[in-house]
Amino acid sequence: MPMRFSKTCLKNVFTVVLIFIYLLLTAVAVFLAYQTISDFLEKLNNPVMSVIYEEVDSFSPPGIALYPGKAQLLSCRHHYHDYIPPLVEPGKPQEGDCEITEVTYFGPFTNETEKKTLVVRGPSDVRNKELIFMQFSHNETEEDFSALTYMLFAKFSDLIDSANKSEFMRDCERNYSMWTFSGGFRTWVKMSLVKTSGEKNEAIEFRQESSVVKFNDKRPVPEQTNQLFFAVFEWRDPFMQEIRLIVTANAWSSVAILCGVFMALFKAANFAKLTIKWIIKMRKRHLRNKARELNQVN
């Protein structure tokens, strides 16, 4: 009788330990499933950036959209090897060799404002350091500050091939940044191109480094009432930076891990079911034995 009670007690203790282990394994499996799903969503929403530098001999000529306002374009010329010859009669119109297209359109943010822009075909030959030098004159000097606004977009040919140039410039202003250069200085703009490509879309962004040099105005004093603007546009280097957004989340590996977790939960649930059946069976056997002993005593 004591030995039988001892075995029954031992079996019950062993059963309780097994149930505790089952609960522990279930908690670990649930945590692993939650962690796997969280890591997958985190990687899906935060792709990794891969930066590649591609060396080129020339770039597609960009579009340089200038907004002169009341200023006058005096000259626009191509030069090479960073060499700009000395100015001849600054402040007076000069011969130029740039390809320029004039576009008038309404701004994308204020439809009532009509804008006039001069779009210049930008430099292309980066190996020979092709640059474009532009000179403007502005005869209204009553303003406290004066500057001309400009915008860069990827390809000048896109404007030429566009069926609606006004709508094209509206879209460019909506998607690209605006910059300025000041009067009385030579602003040297060195451009670089960055492509960002993801799974579905591709974006092109201009980055620039600019340096400013003061213009030493040697014109006669009466002629100095016209303020002069000088701008130089050149590619910084022959490298195009391409940023690729790579999603490192692997759906198949995550599914495989979850399948393993769910299989473990299924096995644990099956084990728990068998354990509960065994406990009920042992309980019924214990009750039958106890009833038999009571009948024998009576």
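By convention here, the first residue in the shown sequence is residue 1.
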**Q** Between E55 and R127, is there a salt bridge with N-O shorter than 4.0 Å?
**A** yes
**Q** Test of understanding: clusters of I, L, V, M, F, W, Y form through side-chain heavy atoms closer than 4.5 Å, transitively. Do W188 and W235 belong to the same one?
**A** no
**Q** Flag the pair E173 and K115 as a salt bridge only when some basic side-chain nitrogen lies within less than 4.0 angstrom of an acidic carboxylate oxygen.
**A** yes
**Q** For residues L228 and F215, determine if any side-chain heavy atom of one lies less than 4.5 Å from a side-chain heavy atom of the other.
**A** yes
**Q** Evaluate the ring pair (Phe, Tyr, Trp, His ring centres under 6.0 Å) criterion for residues F233 and Y150: first the C-alpha distance (whole Å), next the side-chain angles of each, then the deciding distance (0.1 Å), finally the verdict.
**A** CA-CA 11 Å; F233 291 89; Y150 68 93; 5.2 Å; yes
**Q** Using side-chain heavy atoms (C-beta onward) and a distance below 4.5 Å, is L66 in contact with M134?
**A** yes
**Q** Grouping I, L, V, M, F, W and Y whenever their side-chain heavy atoms are under 4.5 Å apart, do V232 and L87 come out in a common cluster?
**A** yes
**Q** Are the side chain of R170 and the backbone of F106 linked by a donor-acceptor contact shorter than 3.5 Å?
**A** yes
**Q** Is a side-chain donor or acceptor of Q94 paired with a backbone partner of E89 at a separation under 3.5 angstrom?
**A** yes
**Q** Is K129 salt-bridged to E234, cutoff N-O under 4.0 Å?
**A** no
**Q** Where is the tightest heavy-atom contact between G63 and V119, given as atom of each residue plus distance?
**A** CA-CG1, 4.4 Å
**Q** Check the hydrophobic clustering (I, L, V, M, F, W, Y; side-chain heavy atoms under 4.5 Å; chains of links allowed) and say if V189 and M240 are grouped together.
**A** yes
**Q** Any non-hydrogen side-chain atom of P93 less than 4.5 Å from a side-chain atom of Q72?
**A** yes
**Q** Which word best sums up how the rings of F181 and F229 line up, parallel for under 30°, tilted for 30 to 60°, or perpendicular for over 60°?
**A** perpendicular
